[in-house]
Structures are given as C-alpha cells and as structure tokens.
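Counting from 1, the numbers follow the sequence of the chain as shown.
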Amino acid sequence: MTALSKDTTIAVIGAGAMGAGIAQVAATYGHPVLLFDKAPGAAEKGIVGIAAGLDKLVSRGKLDQDARDAILSRLTPVDELEALAPAKLVVEAIVENRDIKQQVFSRLESICAADCILASNTSSISITSLATALERPQNFAGLHFFNPAPIMKLVEVVSGLDTDPEVAACLHATATAWGKQAVHAKSTPGFIVNRLARPFYAEGLRLLEEGAADSATLDALMRDAGGFRMGPFELMDLIGHDVNYAVTRSVFDAYYGDGRFLPSLTQQALVEGGRLGRKSGRGFYDYGAGAERPEPATLGTGNDAPPSRIVVEGSLGVADALVERLRSNGIEVVEREGVGRIRVGDSVLTMSDGRMATERAPAEGLRNLVLFDLALDYSTCTRLGVTVADQADKDTLAPVVALLNAAGIRVSLLDDAPGLAVLRTVAMLANEAADAVLQGVCSAADADTAMRFGVNYPQGPLTWAEQIGVGFVHRILTHLQQGYGEDRYRPSRLLRRKAFSGGVFHD
Ligand code: NAI
C-alpha cells in the first residue's frame, strides 16, 4: 500500500510534547495539518513552540527561511473536534487514559469519513482494547512515535486484533515517507521498544544491588565498552524514575509477573524518596549546583610496565580483535593450540561465559583466573570490565591491568558478577528480542531497527547476538539461569533453536 499523498489532510489531537512533534513531522513532509487540543489556546501554543524550534534550525543554517514559513503555513490550530472532518488520518496524542481516548475516537468516527485512519500514539494501552469502542476497528492502529518526535527516527506501527493489514501498511509507508524508520508490531504489552529495552535497566539495577560495581562504573562500562550512548543509570535519571519504574511495573504486571521484567526495589525507593532523576535534581546522581559526577572506578595507573610477551591459546572468538590490538601495541604474542585463553605470567585471562570466575576456576583447573567482559569493538573500546576468582593470588590482576593499559584500555573491576555487565545485558536484550520474534510481535529485522532507532542502541540485539555467536549467548544465558536458579534467565526457545541451527536470526 502506498503512503498518504502530500495533499492529504492530517489531524493531530493533543498539542503537548508528542502531538506538537508529530504535527511538525507531518507538516514538514508537506501535509496540511489540523491541530486540536481540548485546553483553550494549547494548539496555538503548540504551533508557537514548533515555530521556535524551526527558528533555531534556521539560525543554525539547517533549514532555510522559506521552508520554515512553508511548514508553519501548513499548520492550522482548530478549536473543535468537528473541524477535523477533512482529515484522512488522525493521530491522537492526548492523556494516557483508555476511557478518554476511547471517547475521542468514538466521536471521531462520526465526524470523519468512513475511510479515515484513526491512530493512537499510546505507549502502553492495548490497541486491541482501544478499538473495542469503534465501529470500524479495522481502520484503527497504533502509531507510536518516540520523544522528541521530530528527532527520534523510530515509529512503531502497532496492529490490534482487528487492524486491517492494509491500514498498517499505509501507516508504515506514510511514516517512511515522513523520513521515519517504521516497524510493524503486534499489540502486546510494551510493543517492541518498551519491552525489549527492559533488560538494559534491569541487569544494571541487579548488578548494582548485588554490589558488582557502583553506578558510575557500570555506566562507564556500558558506554566505553558496550558502545551505548548512555549507561542505564544516567539514562534512567534522564527519563525520570517515576516514568521508567511505571513502564517496568506495567510490563511486569501485563506479563503476569514474569521474572524477566521484575521491577527493582532500588528504583522503587528512589521514586518513594522523590529522587526522580534530573528533573528533581537527584536520582542515582546529584544534579544540584556544584555537584560533581563520581568517577568510574579504574584499576592501575596506566604507567605500570606491561608484560613484554603473552601466550594466546586458541581463538578468543569475538575477542580475537583484542589480541590483534595488543600485538599492534608492541606486545609479543606467542600462539598455541587451546580453548581461548591469554596467559600473562601466572594469570589467565579469558572471556566470561556467564559463570562466576570463582566457580569457573576450579572447574577448569585454573587458579589465577581473570574474566573479561564483552566490548562492542575490541579494537577501539576504551574500557573493559574484568573480574577475578576468589582463589586467585593477590597479584593476579596487576599484569592483566598493565597489559590492557598498554593498549589504551582502562580497566574496571567488578565483583565476581556472572556474565559481567555488557555481556549479560546484551545476552538478555537478545533473548528478549528473540522471544518477541518467536511470539510474532515483530520480525527479527524490525526488532533490531526498533532498538537502534527507538533507543539508539549501537547495534540491534539480534545482529549483535549473531556477531558474538548465538551459541555463545545461549551458553551465557544457560549459565546465568543455573547460577541464579531463576526463570528470569531462561533462554527463549527461538534463541535456543538458533543456537543449534547456524545462529542466524535474519533471513
Ligand atoms: P502531554 O501532557 O505533553 O500532552 C497531552 C495534551 O493532550 C495536552 O495538551 C492536553 O491538553 C491534551 N488533551 C488531554 N485530553 C484531551 C482530550 N480529551 N482532547 C484533546 N486534547 C486533550 O502528553 P505527551 O507526553 O505529549 O503524551 C501524549 C501521548 O503520547 C500519551 O498517550 C503518551 O503515553 C504518548 N507518548 C508519550 C511519550 C513521551 O515521551 N512523552 C512518548 C511516546 C508516546
């Protein structure tokens, strides 16, 4: 199905943060846009806000004055719902309340033409349930933008039980024409992004609660090793703990208490204490005047002489690039057959497999065992997480730290956390994505697109799993499940299946 043509009138209801943004996107493409808000003057105010944003773009040379004027000329505030009659698509972005949304859609059905598409920007209300108030539920779908709508690329096109696939296809094509990355999702709790992103916060919170490291260190690892723009704690502070906790609660409740979505008592306490993050001046971090951001814990001075020679036994898989990096920084590498270990003096360095170092050391007959974390790119990462077995000699870490420092990699020590930080988070993100694909919520490609463009992940979780090896991800999850004795880490049946059948999610 093709996109709605530029001359098609679009209506947006609700001129708040999202509605104004969506109106701007549609008007920028070229549609005449009608903007309605029940609060008197709110639609006009929304357009004034859009104008201010466009003026900034003009002053930065990113938009020319004529284009700015043309966009604004296409935006019309209206003060009654009846004025939306000419619209062929109405996007609702009002208060997140099922009954109020249903009343608005019901009225719209009697105002707009029979073929008008009605869409909701809801983040959390079932599209299927909203449609029950409608006489033409086939013409209704979710059109879920991300904040700020003019900047964030992703749009989830959400189909309820009754949504006509042609309507979903038209919305997908239209959002694509508007310059967005559109994905299809089945109406299920959290749709794609708000469900698949839960482990990013949950694993960080669990690591913090278990004393693996402090928030500044965990954030630094997710950024400097994982390649995420922000770590989980700074991101939760930005989103607001009230909002982030409410989303986790609603997804947890909607999935009948599935441990995969278990909310955190640490975050609950922040909400109870009014430490909502940046907006209240304090969350995990203090945003008050003069407050200093805590530094991540970093081992070593960077000045210790590195070992001149290491022995690499077998392939380290995804971490082979680390060996190359060490070699190119002047470390002599002696290669031997083996199962993927680096010997540095008496210390043995290898990648985590989801078990604690303390558990793995006796199992593999290695005393001075150091495990390292996943990096998005071992050839460029600036920090790496490590952990050391309880049985290890006191000086086990020193040569490992000097070695990594010599290649420009800072080292952060985690208490013996199984799967460390980046590896376990990515494994859980991929697992959730695999489950969503298994359940027909979205395709593998759309799961990846959603996370790259909805929350700016550096890599789609399923592509990431393919890169590090789906069999390896499955092993990590299985070890986490055994180690914790918790259902939370159970591998998705699809991930398990792919682990045994070539490890490729994408056709
Ligand atoms: P907001 O509070 O900034 O704006 C809502 C606007 O809707 C207000 O101007 C209000 O006067 C108006 N309104 C309320 N009831 C109305 C009615 N019956 N008829 C007409 N106008 C009415 O809210 P925001 O943040 O823009 O959210 C709107 C919707 O978008 C909600 O469903 C929310 O869940 C969803 N959403 C919000 C995101 C966000 O980050 N803020 C992201 C994605 C979706």
Side-chain angles (χ1 to χ4, degrees), residues 146 151-153 193 196-241 244 264 266-267 277-278 283-287 291-300 302 318-319 321-322 325 351-352 371-387 401 404-405 407-415 417 419-430 448 451-461 463-465 467-468 476:
F146 290 72
I151 292 174
M152 295 302 290
K153 280 261 174 197
V193 171
L196 268 53
R198 294 333 315 145
F200 186 71
Y201 313 108
E203 293 311 311
L205 285 160
R206 174 164 271 198
L207 288 165
L208 181 77
E209 286 165 356
E210 293 183 351
D214 60 22
S215 53
T217 306
L218 292 166
D219 275 346
L221 282 169
M222 296 308 286
R223 277 192 319 264
D224 303 348
F228 291 89
R229 284 197 198 169
M230 297 178 97
F233 303 99
E234 51 198 352
L235 183 53
M236 284 184 276
D237 270 6
L238 178 68
I239 293 168
H241 291 283
N244 190 262
S264 146
T266 299
Q267 191 173 35
R278 284 197 198 191
F284 283 109
Y285 302 107
D286 188 350
Y287 300 91
E292 275 181 32
R293 192 64 171 263
E295 288 292 321
T298 303
L299 289 176
V318 67
L322 179 62
R325 183 166 173 183
M351 195 167 175
S352 169
L371 300 180
F372 64 90
D373 202 354
L374 177 67
L376 175 66
D377 183 351
Y378 285 98
S379 59
T380 57
C381 67
T382 55
R383 182 179 298 274
L384 205 51
V386 300
T387 191
V401 174
L404 294 172
N405 283 175
I409 302 171
R410 276 167 297 201
V411 180
S412 288
L413 178 66
L414 288 105
D415 193 38
L420 288 106
V422 182
L423 184 59
R424 77 144 78 177
T425 303
V426 170
M428 286 295 277
L429 289 170
D448 278 352
M451 304 318 282
R452 284 180 52 224
F453 295 99
V455 269
N456 291 323
Y457 286 0
Q459 184 57 277
T463 298
W464 210 339
Q467 284 165 355
I468 59 183
I476 292 153

Minimum heavy-atom distance between [X] and [Y], given as atom pair plus value:
{"X": "M451", "Y": "A197", "result": "CE-N, 3.6 Å"}
{"X": "E209", "Y": "S264", "result": "OE2-OG, 2.6 Å"}
{"X": "A417", "Y": "A212", "result": "CB-CB, 3.9 Å"}
{"X": "W464", "Y": "G226", "result": "CH2-O, 3.3 Å"}
{"X": "D286", "Y": "A291", "result": "O-CB, 3.4 Å"}

[X] side chain to [Y] main-chain N or O, any donor-acceptor pair under 3.5 Å?
{"X": "D448", "Y": "T463", "value": "yes"}
{"X": "T425", "Y": "E203", "value": "no"}
{"X": "R229", "Y": "Y457", "value": "no"}
{"X": "D219", "Y": "E234", "value": "yes"}
{"X": "T217", "Y": "A297", "value": "yes"}
{"X": "D373", "Y": "A421", "value": "yes"}
{"X": "T298", "Y": "P296", "value": "yes"}
{"X": "N405", "Y": "I409", "value": "yes"}

Passes side chain to side chain contact (heavy atoms under 4.5 Å, CB included), L374 versus L420? Steps please. CA-CA 8 Å; L374 177 67; L420 288 106; over 6 Å; no
With no hydrogens and no angle check, just 3.5 Å: does a side-chain donor-acceptor pair link [X] and [Y]?
{"X": "S352", "Y": "R424", "value": "no"}
{"X": "D237", "Y": "Y287", "value": "yes"}
{"X": "S412", "Y": "R383", "value": "yes"}

Measuring from [X]:[atom1] to [Y]:[atom2], what's the distance to the nearest 0.5 Å?
{"X": "L322", "Y": "L404", "atom1": "CG", "atom2": "CG", "answer": "6.0 Å"}
{"X": "Q467", "Y": "D377", "atom1": "CD", "atom2": "CG", "answer": "9.5 Å"}
{"X": "M236", "Y": "T266", "atom1": "CE", "atom2": "OG1", "answer": "9.5 Å"}
{"X": "I468", "Y": "I476", "atom1": "CD1", "atom2": "CD1", "answer": "5.5 Å"}
{"X": "M428", "Y": "L196", "atom1": "CE", "atom2": "CG", "answer": "11.5 Å"}
{"X": "E210", "Y": "L414", "atom1": "CD", "atom2": "CG", "answer": "11.5 Å"}

Evaluate L384 against D224 for side chain to side chain contact (heavy atoms under 4.5 Å, CB included), listing each step before the verdict. CA-CA 8 Å; L384 205 51; D224 303 348; over 6 Å; no
Apply side chain to side chain donor-acceptor pair (under 3.5 Å) to Y201 and list each qualifying residue two or more places apart in sequence or on a separate chain.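 Y201: no side chain to side chain donor-acceptor pair (under 3.5 Å) contacts found.
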Mind telling me whether Y378 and F372 have parallel, tilted or perpendicular rings, with 30° and 60° as the class edges?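 Rings of F372 and Y378: perpendicular, over 60°.
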Classify the ring geometry of F228 against F200: parallel below 30°, tilted from 30° to 60°, perpendicular beyond 60°.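 It falls in the tilted class, 30° to 60°.
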Is the closest side-chain heavy-atom distance between Q459 and L376 below 4.5 Å?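 A side-chain contact under 4.5 Å exists here.
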Using a 4.5 Å cut-off on heavy atoms from C-beta on, say whether the side chain of R293 contacts that of Y285.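 Heavy-atom side-chain distance check passes, below 4.5 Å.
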Audit row: I151, F146, side chain to side chain contact (heavy atoms under 4.5 Å, CB included) steps and yes/no: CA-CA 8 Å; I151 292 174; F146 290 72; over 6 Å; no
Candidate pair L299 and R410, rule side chain to side chain contact (heavy atoms under 4.5 Å, CB included), full reasoning: CA-CA 7 Å; L299 289 176; R410 276 167 297 201; over 6 Å; no
